[in-house]
Amino acid sequence: MKAVAGWIFVLVFLPLMAAAQGPPFKKTEQHAPCRDYDPLRKPLFGETHSHTAYSFDAVSIGTVDRPRDAYRYAQGGAVYVVDAAGNPTICAQQPRPVDFAVITDHAEFFGELHICTTKGAPGYDSPQCALFRKSPAATSKPWGNDAIADPPTPPAFCGPDNGNCHAQSLSLWQDIQDAAEEAYDRSPACRFTSFVGYEWTAMPDNANLHRNVIFRNAKVPKLPISNFDTGNDPRVLWTRLQKECLDAGDGCDVLTIPHNGNLSKGQLYVVQENTAAYARLRSFWEPLSEIHQGKGNSECRTGVGTDDPECGFEQLKAQDLGFATTGTATTGERFARNAFLRNVLKEGLAKEAKLGANPFKLGFVGGTDSHNATPGGTDEVNFVGLHGTTSAGPEGLLNQVAFNAGALAVVWAEENSRDAIFEAMRRRETYATSGTRPIVRFFAGWDLPRDLCGKTDFARVGYEQGVPMGADLKPRPAGASGSPRFAVMAMKDPGSEGGSDAFANVCTVHHAAAKLQRIEIVKGWLDAQGVPQEKVVTVAGGADAAAGVDPVTCAPVGPGHNSLCSVWEDPEWNPAQPAFYYARVLENPTCRWSTYTCKQIGLDPFDREKCVQQLAKFSREVPPATPAVPNPQSPSELFKPCCTMVPGPVVRPTEIPRVAQQRAWTSPVWYRPQGGGRE
Amino acid sequence: MRGLARSPALHFLVLGGILYLLRAGLALPPAASRPVAAAIQASRPAQSAAPAAGPRLVTISAPQVERLREAWRRSRRRLPSAAEEARLIAGLADDEMLYREALARGLDRAQPVRQRLIQNMRFLRIDEGGGGRDLYAQAVEIGFDRTDPVVRRFLVEQMRLLVRAGDRPDVFTDAELEDSLRRNAERFSLPAFVRISHVFLDADRRGEALEQDARRLLARLRAGRVSPDTAPELGDPFLPGHHPALASRSELAKIYGPDFATAVMRLPAGVWSGPVRSAYGLHLVWVHESLPGEPPQLADVRGRLTLELAHERQEARLAAYLRDLRRRYEVRVELPTASAATPREASR
């Protein structure tokens, strides 16, 4: 009997105890344990980059929705975004909520009302504040009595003592924190996670050096550290964040995520100091980069360090933020190599060989960069634009036809809470999608079972015998046979019907998801001469010309895969050559958002002749000029992109395709030769 | 500027240019500043110079209504209905009233407004050689503070913020929180959770034979009383896993699709059920445990609830304030005489 009792104890209670030991991530906040905690981790879909009316540039394009509206939208509710006149009349609702979202309004224009007049407030001693404190203080005067005002005084009803003023709580930064707290579900339901964050907006000479700053929990600095405080050098930002957050001693934690390498003129991914210390600093602060977002793709560009034909996906015409919508097409040669993450990863290997540490260990996330307060709104059919009044309605949208509906960040985490998600980001166990929701797993290891795709415990074996996406391959064990193996699986997006539990369908449209076409593994390595190389290998599935869309309904048609899986061993692996590997999953073609927009207004990108005829009819609809609207724009100009879309895939960056293959990119896994520099 | 204002490039350019100028403190080449200043002064719309005309009268002019209609037409390719147009006009009037109240409280002297005006002056190269303070004074002189749309938007939004906030911070009793919890039970309650194991039949693999295979296997599982721990081996591998952790309907929908998730929430525990369809094929499902949805506990949701209630109070304050403004102000609407499509009687 004793033996039996003993076995019962071992078989039943030990596993329970192990599960009850608590989460492997560190808890830094109060949060009820999530009911659906999963030690094998689950995919959480989220937004890491979105703007509301608290961003100055969003205000200038008319956006009125704020963080609370944005969180409502993120959780599946309907909000109203502005039309071309700036009135919030356009209903926006996504077909499914996201699991988490960060609102990253630009810190530079928070317009803190009291910063310069509240002694002890960070920024009180900044040059801007000192400058206007020099002028004599003005008493508050009613409007109309005095045209020339002296330095700002608080609103008259605030009272003379700002320190007590209840209006302090009106500061945008505080409101951002309050809105995040309100949206964050700390109950065991764990429905939604918000993060406090902002965008640091460095843009020297129109080269994009922006970073999103994401805080782990509610402990944040008193004010965001903006580009005004630091200048354009991210090292200054990191130093300030180290001081005011990591070293604050209150549990504050933070990381930064750069984006739009494609618009950086190659200046975003630059090694500022050729030292191992810099490399470690950089890869600590920036474990992730946005590989895709509304303002184009940054994975790769055909002709810039690669001849991969899939790298014509969502490319823009020019490579800095100042590009005009009517500029001439940019040839591949003019783009800097380090505008694109695949090249940056290769450079990271080369730098590690020299410095002993890799400054560019980039995991991948996606974001929308919505300036409409619509975080996560990446669905092609329900896309309402990214830029307020300038992208409102079919005319506005088509005026920005080169932009896309944005991307999603997906993390593998044990539960939907800040600590779990943040640590997933730190360890780079993330993938990005170009807007759809396939489920993708990627493991790398020595002697992963070749038949892992036929097993019923793929993830458990992957974690036990390998490492997940974003990690370093473990050192090769003594008895290991052959090359490293990579197990990758993808499940197609299961579809959105059913939407959100909390909000009724007001104006969202559900549509079928596409099947998968193929999985590729992208390898980058240093050859015997230390020169970076790359190769793309299809490891599962394959292109089938019969897969496409119904030209009338855009419904996906033709053959494809519900799921794909492969265990791939690198036949060219060389133990002396450092390398990275990441998986790219391609869906079957589906209509791009611009195709849906054109169809909505009666223009068919699939029938050029009919389209041109219909466009001519629209041109006769130009409303008469009035004093209020002296130059009504001709619809034929605005809607022309509908009649000039190419069948796809894109050959020149000026082309807009009517269908596109949505995709996912996993964070890379890195291989280091034995005896190579360790961090 | 009008046509350019449509370009997203301009806004990024402006932002970049502003930051660049502020950081670099570049000396700008002299430009024709006087004509620009004069042009801005000439373009000031009449109602913004309103103080002499009576601060309590708001006139929505015919051109403004036309612009509203045009913007609506651009978004929807039709003109607004009478009700829609009335709502748009009311919104415009509310904004104008809030704007004037903001000016009356001196909000236009706040730092962000000063900064914005100085930046505008530099960007348009209207630099008569003064420092920041002189530029601000000049901006006010030519009426830039009244015409700049960002300043106007800032003031309107600041006014909303201030009105919402009220005179003192909101504090709520437990009774008030409990009441709000009752009213918002859906959003705060714990959903139902279920823990399953499942056997999978892959549509990709089995094609035509899918349904038959599923029925046969279900019969086998039931007859042989196969344990849910070992049963998955009898079917096809489901790569996300066969023994998911406790999950709510929406969590299941994320992996299996919404139809599967909805169906599974209704299954009885301790038996083999199915076949249940997912986006990938058919599943035979064993429910280990089922946790019904629960009403929320105040302790778990106190923080969110407090903010939710505060938000409700703030919205109510703003609504009351706007109602009061509409009583105190007179709003006159001038409808365009010739409208583009349907004839309209003058409202108000």
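Below, read A as the first sequence line, B as the second, and so on, with proteins coming before strands; counting in each chain starts at 1. All values below come from the heavy atoms of this structure, side chains included, with hydrogens, waters and symmetry mates left out.
- Under a 4.0 Å N-O distance rule, the pair A:R35/B:E294 qualifies as a salt bridge.
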(request) Take B:I255 and A:M491 through the side-chain contact (heavy atoms from CB on, under 4.5 Å) test and state the conclusion after the steps. (result) CA-CA 8 Å; B:I255 308 288; A:M491 311 292 288; over 6 Å; no
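- With rounding to the nearest 0.5 angstrom, the CG atom of A:L40 is 10.5 Å from the NE2 atom of B:H243.
- The contact between A:D185 and chain B is made by backbone and side chain atoms together, counting heavy-atom distances below 4.5 Å.
- Residue contact with chain A, scored on non-hydrogen atoms closer than 4.5 Å, is absent for B:R87.
- Nearest heavy atoms, A:S496 versus B:P258: C-CG, 4.2 Å.
- Interface remark: A:P43 contributes backbone and side-chain atoms alike to the contact with chain B (heavy atom separation under 4.5 Å).
- Shortest non-hydrogen contact noted between A:S563 and B:D204 is N-OD2, 3.5 Å.
- There is no contact between B:L305 and chain A, counting heavy-atom distances below 4.5 Å.
- Neither the backbone nor the side chain of A:D457 comes within less than 4.5 Å of any heavy atom of chain B.
- Contact annotation for A:R460: neither backbone nor side-chain heavy atoms come within less than 4.5 Å of a heavy atom of chain B.
- Interface remark: B:F193 contributes side-chain atoms only to the contact with chain A (heavy atom separation under 4.5 Å).
- Rounding to the nearest 0.5 angstrom, the gap separating the CZ atom in A:R191 from the CZ atom in B:F188 is 10.0 Å.
- Rounded to the nearest 0.5 angstrom, A:N562 CG and B:S278 OG are separated by 8.0 Å.
- The salt bridge (Lys or Arg N to Asp or Glu O under 4.0 Å) search around A:K492 returns none, not counting sequence neighbours.
- To the nearest 0.5 Å, the span separating CG on B:L239 from CD1 on A:I439 amounts to 11.5 Å.
- Atom NZ of B:K254 and atom NZ of A:K42 lie 6.0 Å apart (nearest 0.5 Å).
- Of the residues considered (B:A139, B:P191, B:A247), B:P191 shows the highest number of contacts with chain A, using heavy-atom pairs under 4.5 Å.
- For the set A:A513, A:A490, A:C453, A:A459, the entry with the most heavy-atom pairs within less than 4.5 Å of chain B is A:C453.
- A:S187 and B:L190 make their closest contact through OG-CD1, 4.1 Å (heavy atoms, listed as atom of the first residue, atom of the second, distance).
- If you measure heavy-atom distances from B:F260 to chain A, you find no contacts under 4.5 Å at all.
- Among B:Q297, B:E84, B:E251, the residue making the largest number of heavy-atom pairs under 4.5 Å with chain A is B:E251.
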